[in-house]
Amino acid sequence: MQNNLFIYNSLSKKKELFKPLHPPFVGMYVCGPTVYSDAHLGHARPAITFDLLFRYLQHLGYEVRYVRNITDVGHLENDADEGEDKIQKKARFEHLEPMEVVQKYMNTFHKNMEQLNTLSPSIEPRATGHIIEQIELVKILINSGYAYESNGSVYFDILKYNQKYHYGKLSGRVLDELISNTRETEGAEEKHNSFDFALWKKANPEHLMKWPSPWSIGFPGWHLECSAMSIKYLGEQFDIHGGGMDLQFPHHECEIAQSTAALGKESVHYWIHNNMITINGQKMARSLGNFITLDQLFSGNHPLLSQPFSPMTIRFFILQAHYRSTVDFSNEALQGAEKGLQKLMKAVETLNKLKPSATSTIDVNELKQKCYQALDDDLNSPILLSHLFEGVKFINSIADGSEKIDSKGLETLKELFSTFVFEILGLKDETTGQSDEKLTGELMKIIIDIRQAAKNNKDWTVSDKIRNDLKNAGIILKDLKDGAEWERE
RNA sequence: GGUCGGUUAACCGAGUGGCUAGGUAGCGGUCUGCAAAACCGUUUACGGCGGUUCGAAUCCGCCACCGACCUCCA
């Protein structure tokens with residue numbers, strides 16, 4: 001199987017030709033959400049980025065196993081292996097079982113992801129469903145000397161690891177600097193070094209989510225699940241591991257260390273990271289009060305939003321930026337995206353009505369080549385869209401009569417749009433089937449107003465025609481003293 | 001303080017040592033009963049200061065600002 005896809009590997013910091021280990025199969029693992037609150041804009045970015053990659057790889061003919069985890073235990077409030085579990089904390093606030101919290105926000109996440117038209121992953125494993133696998137991995141790490149037990153908890157020994165391997169290779173951290181920058185925390189310190197990270201944590205008596213293990217009743221460290229589950233479902237070595245740039249350190253760095261120490265070799269061939277989202281130039285954060293959930297975005301129910309923005313507008317907007325750039329949300333920018341998307345979708349409609357000519361004045365094949373080149377260059381969706389808009393101009397010009405296309409070219413153009421717009425970019429036309437009931441009500445109001453105007457002019461021909469035609473369409477109009485009402489037959 | 005990335009026109013956002021990105025908005029025109037759409041044309045660019053070069057927005061240096069992660073402080 002051939003491809004010409006170059007993808008930026010965060011590990012080498014270069015664009016590399018994508019060569020799967022076992023074609024036609026591709027294994028891709030992407031870090032999913034910790035489900036302790038509503039899905040927000042930040043979740044949409046990796047979901048759409050890796051959906052695009054998933055779709056494109058499938059389009060190229062690969063059989064992709066796309067694994068995206070759900071973190072439902074072990075992600076603590078701060079990442080220094082201290083503080084409360086995020087899910088447990090939420091459970092305490094909402095008076096729910098931790099698993100109720102997980103279920104609730106996992107459902108919201110799935111709903112939002114479907115609205116954004118992202119394809120479901122092939123496997124969506126949960127950390128709590130893989131406690132045994134995680135314990136087994138800890139055992140291996142202890143036996144090989146890369147982990148140590150301390151007061152019922154188990155920590156990864158980074159100094160030991162760094163003797164043989166290179167800790168910090170992904171994020172560019174230098175261990176000496178980490179050491180010199182670290183101040184010893186006071187009190188009982190279970191870790192040999194403060195930068196060692198937890199593989200297993202002993203639970204306090206009041207802790208809710210805990211499991212038996214050889215070391216204590218406790219719970220797995222946050223980084224461990226991804227190593228355990230990626231190995232389980234994708235094998236000891238696999239092609240792609242993705243996630244947000246904010247996860248590079250410490251999460252992915254720790255994953256590399258764990259997996260490499262346990263397996264004696266590198267697991268992941270291509271590390272791919274999407275950049276972050278900002279709002280009005282500021283990072284999106286709860287503390288800044290500019291935090292927008294996807295539900296709020298879709299409903300417009302947020303003080304920062306001037307109007308609702310549809311899921312496809314969000315998708316289009318995210319695709320209009322390259323995945324490795326930050327993307328800045330603002331009402332103005334989103335309105336621009338909304339209009340642009342409309343223009344694109346309208347052109348697709350126009351395309352379906354075009355009539356071929358005997359000759360062609362445009363070169364569709366060249367356009368098609370350029371579309372593939374854009375994606376092959378590190379999934380450059382903004383460039384792809386610019387080419388598609390070139391196609392939009394073609395389509396409108398043909399409809400206008402200023403350009404011509406032959407039947408073969410027309411066929412290619414239709415295929416091109418259906419492939420790139422719908423199949424690969426995953427956009428869809430939202431206008432059809434959208435709140436038909438509401439629209440019908442508004443249309444009927446308009447019709448009744450027109451008929452009233454006709455009646456006021458004693459134009460009985462028009463007013464009768466409206467009533468009779470409506471009856472033929474299955475709608476009964478009932479004149480009242482003031483105005484009219486309608487019902488279905 | 002450390003590491004990395006960024007600063008492009010009204011807004012978003014690509015890209016590149018010399019050649020139009022694209023979308024949205026604005027302006028002028030064609031079309032149109034009016035409008036919308038569409039089409040044609042068009043106005044504001046590459047943070048600052050130096051350097052390399054025949055030529056830099058694109059390469060190098062310094063500075064400023066922004067962001068991410070980390071750290072420190074609280």
Side-chain angles (χ1 to χ4, degrees), chain A residues 8 10-13 42 45-46 78-80 167-185 194-195 197 243-254 271 273-285 287-288 290 306 309 313-314 316-347 349-351 353-354 367 370-371 373-375 377-403 420-421 425 427:
Chain A
Y8 182 86
S10 308
L11 203 53
S12 64
K13 304 199 175 9
R45 190 89 196 266
N78 69 49
D79 291 335
Y167 183 79
K169 63 188 292 184
L170 176 68
S171 59
R173 296 294 189 285
V174 177
L175 193 55
D176 286 345
E177 285 172 7
L178 287 176
I179 293 167
S180 63
N181 279 339
T182 303
R183 194 191 54 164
E184 283 304 314
T185 36
S194 59
F195 42 77
F197 59 90
M245 249 173 209
D246 54 336
L247 295 176
Q248 267 187 9
F249 189 88
H251 186 53
H252 289 160
E253 200 69 72
C254 294
W271 281 92
H273 292 95
N274 62 275
N275 213 319
M276 304 285 96
I277 280 168
T278 58
I279 294 185
N280 296 323
Q282 271 194 312
K283 79 164 179 175
M284 192 179 70
S287 57
L288 293 170
N290 62 355
S306 63
F309 292 102
T313 300
I314 303 303
F316 181 85
F317 187 67
I318 286 179
L319 290 170
Q320 237 182 351
H322 188 257
Y323 76 92
R324 285 194 289 118
S325 302
T326 53
V327 65
D328 189 52
F329 272 74
S330 65
N331 284 296
E332 214 179 347
L334 283 168
Q335 281 155 5
E338 190 176 47
K339 289 281 181 57
L341 177 64
Q342 270 171 22
K343 183 172 176 175
L344 183 64
M345 287 303 162
K346 215 171 279 180
E349 264 180 59
T350 308
L351 174 60
K353 294 179 204 151
L354 291 184
L367 185 66
K370 287 199 280 190
C371 287
Q373 277 165 18
L375 282 178
D377 184 12
D378 197 24
L379 293 179
N380 200 326
S381 52
I383 290 292
L384 171 58
L385 282 168
S386 82
H387 293 325
L388 289 173
F389 275 104
E390 202 182 313
V392 167
K393 203 164 185 176
F394 280 164
I395 291 167
N396 288 326
S397 299
I398 295 163
D400 243 35
S402 52
E403 301 276 3
F420 285 97
V421 175
L425 290 178
L427 296 167

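Residue numbering restarts at 1 for every chain, and letters A, B, ... go by the order of the sequence lines.
- Residue A:Y323 is tested with A:N275, A:D378, A:N274 for a side-chain hydrogen bond (donor to acceptor under 3.5 Å, both in side chains); the sole match is A:D378.
- Distances from the side chain of A:D400 to the nucleotides B:A38, B:G22, B:A14 place B:A38 closest.
- Spacing of P atoms, B:U43 relative to B:U20, comes out at 13 Å, to the nearest Å.
- Distance from the side chain of A:F249 is smallest for B:C70 among the nucleotides B:C70, B:C39, B:C12.
- Nucleotide B:C59 forms a Watson-Crick or G-U wobble pair with B:G51, both donor-acceptor distances falling under 3.5 Å.
- Residue A:N380 places its side chain closer to B:A14 than to any other of B:A14, B:C39, B:G13.
- Out of B:C69, B:G23, B:A14, the shortest distance to the side chain of A:Q320 is found at B:G23.
- Interface residues of residues 338-347 of chain A facing RNA chain B, ordered by number: A:K339, A:G340, A:K343; criterion, heavy-atom separation under 4.0 Å.
- Spacing between B:G26 and B:A36 at atom P, rounded to whole Å, works out to 11 Å.
- In this structure, A:V421 and A:L344 approach most closely via the heavy-atom pair CG1-CD2, 4.3 Å.
- Protein atom NZ of A:K393 is 13 Å distant from nucleotide atom P of B:U20, rounded to whole Å.
- Between A:E332 atom CD and B:G26 atom C1' the separation is 12 Å, expressed in whole Å.
- Atom C1' of nucleotide B:A38 and atom CD1 of A:I398 are separated by 13 Å, given to the nearest angstrom.
- In this structure, CG of A:L247 is placed 22 Å from P of B:U3, rounded to the nearest angstrom.
- Residue A:T313 comes nearest to A:L341 through the heavy atom pair N-CD2, 3.8 Å, listed as atom of the first residue, atom of the second, then distance.
- When rounded to the nearest whole Å, the span between CD1 of A:I314 and P of B:G23 equals 20 Å.
- Nearest heavy-atom pair across A:F420 and A:C371 is CZ-CB, 3.5 Å.
- In a base pair of the Watson-Crick type (N1 to N3 plus N6-O4 or O6-N4) or a G-U wobble (N1-O2 and O6-N3), with each distance short of 3.5 Å, B:C69 is matched with B:G2.
- Atom CG of A:L334 is separated from atom C1' of B:G13 by 13 Å (rounded to the nearest Å).
- Counting only heavy atoms from C-beta outward, the side chains of A:F389 and A:V392 approach each other to under 4.5 Å.
- Between the P atoms of B:G5 and B:U24, the separation comes to 33 Å (whole Å).
- Between the CG atom of A:N275 and the P atom of B:G5 there is a distance of 12 Å, rounded to whole Å.
- With both ends at atom P, the span from B:G41 to B:G22 equals 11 Å, rounded to whole Å.
- At whole-Å resolution of the value, CZ in A:F317 and P in B:C11 are 13 Å apart.
- The two residues A:T350 and A:A399 make their nearest non-hydrogen contact at CG2-CB, 3.7 Å.
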Which atom pairs, one a donor and one an acceptor, fall under 3.5 Å between side chains of residues 244-254 of chain A and the rest of the protein, sequence neighbours left out?
from, atom 1, to, atom 2, distance (Å)
A:Q248, NE2, A:H273, ND1, 3.2
A:H251, ND1, A:H223, ND1, 2.8
A:H251, NE2, A:E255, OE2, 3.4
A:H252, ND1, A:H273, NE2, 2.8
A:E253, OE1, A:L170, N, 3.3
A:E253, OE1, A:S171, N, 2.7
A:E253, OE1, A:S171, OG, 2.6
A:E253, OE2, A:G168, N, 3.1
A:E253, OE2, A:K169, N, 3.2
A:E253, OE2, A:L170, N, 3.3

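- Among the atoms of the strands shown, only primed sugar atoms or phosphate atoms (P, OP1, OP2) are found under 4.0 Å from some heavy atom of A:S325.
- Proximity of A:F329 to A:I318: side-chain heavy atoms (C-beta onward) are separated by under 4.5 Å at one or more points.
- A:R45 places a side-chain N or O within 3.5 Å of a backbone atom of A:M276 that can act as its donor or acceptor partner.
- Residue A:S402 is out of contact with every strand shown, counting any heavy-atom pair closer than 4.0 Å.
- One C1' atom belongs to B:U53, the other to B:G17, and the distance between them is 9 Å to the nearest Å.
- Comparing A:A321 and A:D246 along RNA chain B, the residue whose closest nucleotide (by nearest heavy atom) sits nearer the 5' end is A:A321.
- Looking at which nucleotide of RNA chain B each of A:H387 and A:M276 is closest to, the 5′-most match is held by A:H387.
- For A:P250, taking side-chain heavy atoms from C-beta onward, the closest of the listed nucleotides B:A21, B:C40, B:C70 is B:C70.
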